[in-house]
Amino acid sequence: MPDTKPNILKRRVNGAVKPLEGFTDKPEPVETVKSKTAEGKRNQQKSIKISAETYKDLSVLKSMEGIKFDYEAVQMLIDQYVSRLSDSDQRRFTVLRENS
C-alpha cells in the first residue's frame with residue numbers, strides 16, 4: 001500500500017520566507033585593523049626554555065618597564081645590547097641577522 005502522506009523532506013514551499021537583503025556574489029570588503037595582539041601572535045611562534053631564576057629576573061624587568069609580553073622584554077634587551085656595540089659589530093650583527 002503506497003504511503004499517502006507527502007514526504008516532508010521533499011516538500012518545497014516557494015516564497016515562504018522573503019529575504020531582507022538581496023544576495024550578492026561578492027562579499028563586501030571588510031576593513032581590517034592590525035592590532036598589537038595580531039603582531040604578538042606572529043612574534044610568539046617560537047619558544048625558548050629558561051631557568052626559573054632567569055624567568056623571575058625577566059618578570060621583574062617587565063614589571064619595572066611596564067612591559068606586558070616576554071618577547072617585548074627580550075627585544076628591548078637585544079636592542080640595548082646592539083646599541084652598545086661598535087659600528088663594525090653592529091654591521092656584523094645586521095648582516096648575520098639578515099642572512100640567517
Side-chain angles (χ1 to χ4, degrees):
M1 179 166 121
D3 191 18
T4 58
K5 293 182 182 178
N7 189 344
I8 294 176
L9 295 176
K10 292 183 180 178
R11 190 177 105 192
R12 293 187 180 155
V13 178
N14 291 329
V17 177
K18 293 189 179 190
L20 298 176
E21 297 178 8
F23 175 76
T24 59
D25 271 354
K26 299 176 184 174
E28 292 184 21
V30 177
E31 189 174 322
T32 58
V33 177
K34 206 172 197 179
S35 66
K36 274 190 147 184
T37 57
E39 199 173 297
K41 289 179 183 178
R42 187 188 77 225
N43 287 337
Q44 294 179 9
Q45 291 177 352
K46 305 285 182 187
S47 63
I48 58 173
K49 292 186 178 186
I50 57 175
S51 68
E53 191 65 30
T54 303
Y55 186 75
K56 185 178 178 182
D57 293 343
L58 186 65
S59 297
V60 169
L61 179 68
K62 283 175 23 184
S63 66
M64 287 176 59
E65 294 294 325
I67 297 173
K68 187 175 181 180
F69 298 105
D70 293 340
Y71 70 89
E72 291 175 328
V74 171
Q75 187 62 52
M76 181 193 71
L77 293 171
I78 292 171
D79 291 342
Q80 286 183 356
Y81 175 79
V82 171
S83 69
R84 293 180 180 161
L85 292 174
S86 67
D87 289 340
S88 62
D89 285 339
Q90 285 182 1
R91 284 192 299 272
R92 182 176 173 224
F93 177 84
T94 303
V95 167
L96 290 173
R97 191 176 106 221
E98 289 174 356
N99 291 331
S100 62

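Since the structure is predicted, the reported quantities are computational estimates derived from the model, not experimental observations. Computed over heavy atoms, backbone and side chain alike; hydrogens, waters and symmetry mates excluded.
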**OP:** With rounding to the nearest 0.5 Å, note down the distance linking CD in Q75 to CG in D79.
**Re:** 4.5 Å

Subject >> Distance, nearest 0.5 Å, that separates OG1 of T54 from CD1 of I48 >> reply: 9.5 Å

Subject >> Nearest atoms (heavy-atom pairs only) where S83 meets Q90 >> reply: O-NE2, 3.5 Å

**OP:** Would you name the heavy atoms of L58 and A73 that are closest together and state the gap between them?
**Re:** CD1-CB, 3.6 Å

**OP:** Please answer: with hydrophobic residues joined when any side-chain heavy atoms are less than 4.5 Å apart, are Y55 and Y71 in the same cluster?
**Re:** no

Original post:
Under a 4.5 Å cut-off applied to non-hydrogen side-chain atoms, are L85 and Y81 in contact?
Top reply: yes

